[in-house]
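Data first, discussion second: the structure below is written as structure tokens.
Everything numeric in this text was worked out from a predicted model, so none of it was measured.
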Amino acid sequence: MDNFQTVLRFFMNQKTTIGYSFMALLTIGGERVFSMVSFQCPCNHEQNFSYGLTFLLGPAAVLFVLGLFFSSRLWRLYTGCCLNPMKLCPRGNCLGCFRVLLSIITGACVAPVMWLCVALLNGTFYECAISGLDDNLVVNLFCKNKTLPDKCREQLALVPCGNSKLSSDERMKLLLMFRAQSQILGWSFIIVAAIVGLLGTCCKNCRSQVSYLQLTFWKRYIEKEKERFDAFTVDYATKLAERNLQSFFENKEPDPMPFPNHKAWEEISAYYTFSRSEQYYSTLQRYVERADRDFTPENRPVLDMEHGIEMS
């Protein structure tokens, strides 16, 4: 039993790494599916570049948008900003808001960068895109030292499909050149991403106002608070639903059930930044430990029609 708990604790501590590894496997699998099932290079000068570039950058753009869409940090920061633009920069702290947005965008870029790296290392999309360029610089790069450069220029777009009129040796050399360039770009993306990630982590830790152990405790606390908050909201929502249904079907007044007021929800929803003058680890802890907090309950919380939710 102790060994099982040790293994479970290890996986819980490494869940970020495991999540990124799982994302990488999904990216590799998705790229292979795209390459084998849906991708068919048209092999003509007019469409090769746009078609290959669409498959190379299109999924990356979709993954970036999905990364932003599923970012709870982004919606926590953005919700209500149309009604109160100061929520983006509370207390005029525009630099802090910029850092948060940069962190959110960086997190959303993980999946797109993985896709680009995997797609470039495979080389299929790049081969199709680069063979469709009619730029003299590109054509001269691939067709120099060829016996028939004009023929190479005409047949370049047909090379990825294997039906060009070039000799098999020249076609293979062109494919190897395409693949080499694509893989060089892929490894360049990986190296740059690794260096930027390392420098960003070093800079963030260097500017940290707390020690490494306190920062570790802070992260653990945030994880546990979110975990317990989700569980508590499910339990409380269940009780509220049961109370309302019981009141409806039994035709009686509902039992009193207090709720946090609107101001309390706003305060614990704000994005928290650490300050040496306040020894708190979240907006929730700061709210409950305040001496002037307002615990006036809302006995009948009502949403306006703009934020209403219709059950389907």
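Atom CD of Glu267 is separated from atom CZ of Arg290 by 4.0 Å, given to the nearest 0.5 angstrom. Atom CD of Glu225 sits about 8.5 Å away from atom CD1 of Ile268, to the nearest 0.5 Å. The structure places CG of Leu174 at 12.0 Å from CD1 of Ile130, a figure rounded to the nearest 0.5 Å.
Heavy atoms only, all atoms of each residue included: Pro160 and Cys128 are closest at CG-CA, 4.2 Å. Across every non-hydrogen atom of Leu175 and Glu127, the tightest pair is CD2-OE1, 4.1 Å. Summarising the geometry of Ser282 relative to Ile222, their closest heavy-atom pair is CB-CD1, 4.0 Å, with the distance given to 0.1 Å.
For the salt bridge (charged side-chain N to carboxylate O under 4.0 Å, His left out) test, no residue two or more places apart in sequence or in another chain qualifies with Glu242. Legend: residues meeting side-chain hydrogen bond (donor to acceptor under 3.5 Å, both in side chains) with Asp169, ordered by chain and number and at least two apart, are absent. Contacts of Asn205 classified as side chain to side chain contact (heavy atoms under 4.5 Å, CB included), with partners at least two apart in sequence or in another chain: Thr201, Leu215. Not counting sequence neighbours, Cys117 has no partner by the disulfide bond (SG atoms under 2.5 Å apart) test. Under the salt bridge (charged side-chain N to carboxylate O under 4.0 Å, His left out) criterion, Arg76 pairs with no residue, sequence neighbours left out. Listed by chain and residue number, Phe49 satisfy the side chain to side chain contact (heavy atoms under 4.5 Å, CB included) test with Ala129 (two or more places apart in sequence, or in another chain).
Checking side-chain atoms of Gln285 against main-chain N and O of Tyr280 turns up no donor-acceptor pair under 3.5 Å. Of the possible polar contacts, none joining the Ser269 side chain to the Glu266 backbone as a donor-acceptor pair under 3.5 Å is found. Judged by distance alone, the side chain of Glu227 and the main-chain N or O of Glu223 form no donor-acceptor pair under 3.5 Å.
Residues Leu240 and Met257 have side chains in contact (heavy-atom distance under 4.5 Å, counting atoms from C-beta outward). Contact check for Phe248 versus Arg243: no side-chain heavy atoms found under the 4.5 Å cut-off.
Among residue pairs with one or both ends in residues 215-250, none qualify as disulfide (SG to SG under 2.5 Å); sequence neighbours excluded. Sorted by first then second residue, the disulfide (SG to SG under 2.5 Å) pairs that include residues 176-220, not counting sequence neighbours, number zero. Under the ring pair (Phe, Tyr, Trp, His ring centres under 6.0 Å) criterion, the residue pairs touching residues 158-189 are Phe142-Phe178, with sequence neighbours excluded.
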(request) Verify side-chain hydrogen bond (donor to acceptor under 3.5 Å, both in side chains) between Gln214 and Tyr281, making sure each step is shown before the conclusion. (result) CA-CA 10 Å; Gln214 188 176 7; Tyr281 293 100; 3.2 Å; yes
(request) Could you go through the side chain to side chain contact (heavy atoms under 4.5 Å, CB included) check for Cys41 and Asn48 one step at a time? (result) CA-CA 7 Å; Cys41 187; Asn48 273 22; 3.7 Å; yes
(request) Could you please spell out the steps behind the side chain to side chain contact (heavy atoms under 4.5 Å, CB included) verdict for Val210 and Phe217? (result) CA-CA 10 Å; Val210 298; Phe217 173 80; over 6 Å; no
(request) For the pair Phe39 and Tyr51, evaluate ring pair (Phe, Tyr, Trp, His ring centres under 6.0 Å) and give the outcome as yes or no after the intermediate values. (result) CA-CA 9 Å; Phe39 183 79; Tyr51 187 81; 5.2 Å; yes
When the side chains of residues 58-70 are checked against the rest of the protein, which donor-acceptor pairs come out under 3.5 Å, sequence neighbours left out?
none

Name the atoms and distances for all side-chain donor-acceptor pairs under 3.5 Å in residues 101-114, with sequence neighbours left out.
from	atom 1	to	atom 2	distance (Å)
Ser103	OG	Arg73	NH1	3.0
Ser103	OG	Arg73	NH2	3.3
Thr106	OG1	Leu102	O	2.7

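Chaining together hydrophobic side chains whose heavy atoms lie under 4.5 Å apart leaves Ile184 on its own.
Between Phe125 and Phe55, the ring-plane angle classifies as tilted under the 30° and 60° cut-offs.
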